[in-house]
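One structure below.
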Amino acid sequence: MALEAAGGPPEETLSLWKREQARLKAHVVDRDTEAWQRDPAFSGLQRVGGVDVSFVKGDSVRACASLVVLSFPELEVVYEESRMVSLTAPYVSGFLAFREVPFLLELVQQLREKEPGLMPQVLLVDGNGVLHHRGFGVACHLGVLTDLPCVGVAKKLLQVDGLENNALHKEKIRLLQTRGDSFPLLGDSGTVLGMALRSHDRSTRPLYISVGHRMSLEAAVRLTCCCCRFRIPEPVRQADISSREHIRKSLGLPGPPTLRSPKAQRPVACPKRDSGESSGEGQPPQDHSPGPRTASRPGSQEQAGKDWQ
DNA sequence: GCGACAG
DNA sequence: ATCTTGTCGC
């Protein structure tokens, strides 16, 4: 049997997925629903979550989904859960959620059952929110299904609705001089789809922030900035580190036993103010703190809707 | 044929 | 997404 690798999911599956996105999109709330979101210092915010999925190199099926929860504003890991999963849906631009969200949902539900007190008040998601082909990216998808406030944090510009990573765009990026600087991403449809944000003083490449669910774009950008010790906001970065580390172990690699230097973590300055941030940039020294609880067992997940085969 | 393509 | 040590700089 030839693999479906060549053309990806059939047109029929894509239209099913589009219908699902359209259906769920009606539930997106693109404004602040919590008091802390409007507070200049985010007082009342205590836990910020991050999710990510990492992949096994030569494998198109095995992956590791992680959910971490960080204290705010300290940004220390207070919860971490990683789980090996078997991906069923292929990656198709515009349909990332159908590949990753089911597993992230399970992690959130597990947390809800076992440690409800650690439930994050907002989730930073690796990917876009309303900055999407149909205005419903993975951050919206996860937000609606969990009913948690969510923020889309993408590392590359998704070129939709006339948005282009062209000379003009690059020039605007060049004008972002310090952490917190940003400019709106205005689509041809006349809607502001998101913001390009310089998240760190020592990082040239911006992040592309967009609304996921239950939070305004302004608050989303402000919060993202408050979570950045480096270019990638800590919740997402820690989730990424955890999932990769989990894969290493599961592959039986002789990774560093329990060697992790707990470098002094200092809170990130939220208000616009310089505080001599001088660390690397991008993805520098990875100081992974072994989270309190770590229960995970390799195994395969049963997925609903593998109808593209 | 060419370019785009979140993760 | 994944491949990645040493190395240049503050």
Side-chain angles (χ1 to χ4, degrees), chain A residues 5-9 14 17 21 50-66 84-104 123-143 150-166 169 185 187 193-197 200-212 220 224 230 232-233 236-237 239-248 250-251 253 255-256 274-286:
Chain A
L14 294 185
W17 283 354
Q21 289 178 327
V51 292
D52 189 44
V53 176
S54 291
F55 304 80
V56 177
K57 182 197 166 186
D59 198 328
S60 60
V61 173
R62 298 188 69 205
C64 178
S66 291
M84 289 304 300
V85 301
S86 294
L87 300 173
T88 55
Y91 169 69
V92 182
S93 179
F95 302 94
L96 175 63
F98 293 93
R99 181 167 165 84
E100 301 190 347
V101 154
F103 308 108
L104 302 178
L123 275 179
L124 300 194
V125 182
D126 210 339
N128 293 293
V130 301
L131 170 43
H132 179 269
H133 306 66
R134 289 161 296 280
F136 194 72
V138 63
C140 298
H141 206 127
L142 186 59
C150 281
V151 176
V153 181
K155 296 180 286 296
K156 298 174 191 170
L157 176 64
L158 183 57
Q159 306 189 142
V160 296
D161 196 19
L163 293 178
E164 273 187 294
N165 185 20
N166 53 23
H169 181 78
L185 301 168
L193 299 175
M195 297 279 270
L197 166 72
H200 194 282
D201 280 336
R202 243 85 55 206
S203 180
T204 293
R205 301 170 49 195
L207 291 178
Y208 297 95
I209 309 304
S210 58
V211 169
T224 300
F230 306 109
I232 305 300
V236 172
R237 182 170 164 266
D240 180 68
I241 291 172
S242 294
S243 56
R244 299 168 102 106
E245 190 64 25
H246 192 83
I247 285 179
R248 277 190 161 188
S250 80
L251 290 183
L253 292 188
D274 280 73
S275 59
E277 283 290 336
S278 58
S279 322
E281 65 114 42
Q283 295 72 265
Q286 308 185 342

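The figures that follow rest on heavy atoms only: side chains count, while hydrogens, waters and symmetry mates do not. By convention in this document, chain letters (A, B, ...) are assigned in the order of the sequence lines, proteins followed by strands, and residues within each chain are numbered from 1.
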So what does A:Gly94 hit on the nucleic acid, given a heavy-atom distance under 4.0 Å: a base, only sugar-phosphate, or nothing? base

Please report the closest heavy-atom contact between A:Gly143 and A:Cys150, naming both atoms and the distance. CA-SG, 3.5 Å

Send over the distance from A:Leu163 CG to B:dA6 P, rounded to a whole Å. 14 Å

Can you tell whether the side chains of A:Asp52 and A:Arg244 come within less than 4.0 Å, N to carboxylate O? no

Output the rounded distance in Å from CZ (A:Arg99) to P (B:dC5). 18 Å

C:dT2 and B:dC5, which share atom name C1', separated by this distance in whole Å: 16 Å

Aromatic-base stack, A:Tyr91 on B:dG7, cutoff 5.5 Å, angle under 30: yes

Separation of atom NZ in A:Lys155 from atom C1' in C:dT2, rounded to whole Å: 13 Å

Rounded to whole Å, the CG-C1' distance (A:Asn165 to B:dC5) equals 13 Å

Sugar-phosphate only, base, or nothing, as touched by A:Asn128 at under 4.0 Å among non-hydrogen atoms: base

Rounded to whole angstroms, how far apart are CZ on A:Arg62 and C1' on C:dA1? 16 Å

Look at all strands and tell whether A:Val138 reaches a base, only sugar-phosphate, or nothing, counting heavy atoms closer than 4.0 Å. base

Phosphate OP1/OP2 of C:dA1 contacted by A:Lys57 side-chain N/O (<4.0 Å): no

Separation of atom CG in A:Leu185 from atom P in B:dA6, rounded to whole Å: 15 Å

Calculate the interatomic distance between A:Glu100 atom CD and C:dT2 atom P; express it in whole Å. 10 Å

Can a donor-acceptor pair be found between the side chains of A:Ser54 and A:Ser243 at a distance below 3.5 Å? yes

Closest heavy-atom pair and its distance - A:Leu124, A:Val153: CB-CG2, 4.4 Å

Heavy atoms from C-beta onward define the side chain here; which of B:dG7, B:dA6, C:dT2 lies closest to that of A:Arg244? C:dT2

Interatomic distance, A:Asn166 CG vs B:dA4 P [rounded to whole Å]: 11 Å

Classify the ring geometry of A:Phe136 against A:His141: parallel below 30°, tilted from 30° to 60°, perpendicular beyond 60°. tilted

Taking OP1 and OP2 of B:dA4, is either one under 4.0 Å from a side-chain nitrogen or oxygen of A:Lys156? no

For atom P, what is the distance between C:dT5 and B:dC2, given to the nearest Å? 36 Å

Side-chain N or O of A:Ser54 versus OP1/OP2 of C:dT2: is the shortest distance under 4.0 Å? yes

